[in-house]
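The structure appears below as structure tokens.
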Amino acid sequence: MPVDSLGFVLQTMLAVAVLAAGKGTRMKSALPKVLQPLAGATLVERVLASARTLAPERRILIVGHQAERVEAQLNHLDGLEFVLQQPQNGTGHAVQQLIAPLQSFTGELLVLNGDVPLLRAETIEQLVETHRNSGADVTLLTARLNDPTGYGRVFADDDGRVSAIVEHRDCTEEQRRNTLTNAGIYCFNWSKLLAVLPKLSTDNDQGELYLTDTVSMLERAMHVEVADADEVNGINNRRQLAQCETLLQQRLRDHWMDQGVTFVDPASCTLSESCRFGRDVVIEPQTHLRGVCSIGDNCRLGPGSLLEDSELAENVTVLHSVVRGAKVARDVAVGPFANLRPAADIGEGCRIGNFVEVKKSTLAAGTKVNHLSYIGDAELGTDVNVGAGTITANYDGVNKHRTVIGDRSKTGANSVLVAPVTIGADVTIGAGSTITKDVPNGSLALGRAKQWVKEGWNS
Ligand code: UD1
Ligand code: CA
């Protein structure tokens, strides 16, 4: 560890560079590989997040293939620098692009492959620390894999000194039997790397400049083997993407089970990392949570439900339903087969039954919409009873209009409320009515043709 003349430990500067310029040919996708999603976050966002706890002085993303698209996706991240690699001539060429922006930089350069998304922050912290303590020119992360196909092979002695990395496609049969693989995560002494970076050659099967070749050019190269080889899974194709998704989902579910969430059939459910759960939540089979969700104590979700960007208070049940962008207060039952859409705000003790769609509407406590309804752009008071088949006709073909229903009012079956319209409190709407005018408090409103009977018609 470096010390100054008085013996104080010097804090070394750290720059993190993420390689994200490659096309990802093997994905066969219009989307750049590093923007492929995994449990709701892109690969590159995951890689950047794994280095966050290190609080590096510089954070650099090397972009190339569809650079504008990658930049647009990550522009919101504070202090992230973008460096363009054009054309994309290999991982060594990518890091050569740092020579100018890191001209006056001294310290360590942590290089992360943009397609290795399961890495834990602690693993990287450990790598940097080992590197600082050993005084090596480079320390890289390795893994022993049962199937090392496709990965670069690392040749090292028993003391952890690395002599070379040889890419799978450049290996001899003999070399391929080595199962120690390169994870694509390196901590370099920047000034040492700078001395060898310009010397890379394209003398390999792909005719590219390989960052891995710097290892044999540096005097002291060391490696650290990860304990959990799953962390260093690289994603080059859709199968590997699916394997990583499975691993990540398992990690997320295990975490929440440890926090008191029950999964009836864990493998059939998926979560995003931005989901939060209270105690004794039960997640039934085939239930999926995406985006930012917050689920209160004792909720029961599923079977067969999808929740996205929604907030549920305690004791809510959601059965075979879709809940997106909605807020649901405590003790509400949703479904089966309900659709809560963005800005549905459901009050305490409400009931949203089968084939009911609610969009951009507020329902106060105790209100029931039990069967076959559409409630859109509406404000319903407390204890309203919405009869089966009631529809708020909110759209005139050009604009959306509001419907207001006061406390304790009841709409008869098959009512159409043509917005804009205000129904007062304690109102009864007769079944089959088409209501086009406001209805004052306490009234009965009927808006349908009178029944007409001609006796003896068929005799
Ligand atoms: C690389 C390593 C290999 C290691 C593996 C781990 C090299 C030569 N090989 O192989 O030893 O086992 O990762 O996952 O480094 N990229 C650029 N610019 C380029 C090319 C690639 O930024 O010109 C980026 C890609 O976007 C990707 C990363 O670098 O995020 C790795 O590139 P990839 O082509 O996937 O390398 P691998 O063949 O997997
Ligand atoms: Ca790769």
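Order of listing sets the numbers, starting from 1, for every ligand and every atom in it. Side-chain atoms are counted along with the backbone in the values below, which use heavy atoms only and exclude waters and symmetry mates.
- Comment: Lys360 does not engage Asp345 in a salt bridge, judged by the lack of any side-chain N to carboxylate O separation of less than 4.0 angstrom.
- Under the salt bridge (charged side-chain N to carboxylate O under 4.0 Å, His left out) rule, Glu108 has a single partner from Arg132, Arg58, Lys192, which is Arg132.
- Taking all heavy atoms of Gly92, Gly22, Gly114 into account, the minimum distance to atom 26 (O) of ligand 1 is reached by Gly22.
- One finds no salt bridge joining Lys400 and Asp377 here, because no Lys/Arg side-chain nitrogen approaches an Asp/Glu carboxylate oxygen to under 4.0 Å.
- More than 12 non-hydrogen atoms from other residues, nucleotides or ligands lie less than 6.0 angstrom from CD of Glu125.
- Judged by distance alone, with hydrogens and angles left aside, the side-chain atoms of Ser163 form a donor-acceptor pair with the main-chain N or O of Phe155 at under 3.5 Å.
- Of the heavy atoms in Asn89, only backbone atoms (N, CA, C, O) come closer than 4.0 Å to ligand 1.
- In terms of protein heavy-atom proximity, atom 4 (C) of ligand 1 is nearest to Asn182 O, 3.2 Å.
- In this comparison of Ile185, Leu209, Leu19, Leu43, the heavy atom closest to atom 24 (C) of ligand 1 sits on Leu19.
- Lys33 has a carboxylate O that lies under 4.0 Å from a charged side-chain N of Asp115, or vice versa, which qualifies the two as a salt bridge.
- For Asp115, the N/O/S atom at the shortest distance from the Ca ion (ligand 2) is named OD2.
- Nearest protein neighbour of atom 7 (C) of ligand 1, counting heavy atoms only, is Thr91 OG1, 3.4 Å.
- Listed by number with element, the atoms of ligand 1 under 4.0 angstrom from any heavy atom of Gln85 are 17 (C), 18 (N), 19 (C), 22 (O), 23 (O).
- Among Val83, Asp115, Ile62, the residue whose heavy atom sits closest to atom 33 (P) of ligand 1 is Asp115.
- Taking 4.0 Å as the cut-off between side-chain N and carboxylate O, Arg46 and Glu273 count as a salt-bridged pair.
- The Ca ion (ligand 2) has no N, O or S atom of Asn113 closer than 3.0 Å.
- Of the protein's non-hydrogen atoms, the one nearest atom 38 (O) of ligand 1 is Arg26 NH2, 3.5 Å.
- For atom 30 (O) of ligand 1, a protein heavy-atom neighbour is present inside the 4.0 Å cut-off.
- Protein heavy atom in closest approach to atom 11 (O) of ligand 1: Glu167 OE2, 2.7 Å.
- More than 12 heavy atoms of other residues, nucleotides or ligands shown are found within 6.0 angstrom of CZ on Arg402.
- Closest to atom 23 (O) of ligand 1, if we only count protein heavy atoms, is Gly90 N, 2.8 Å.
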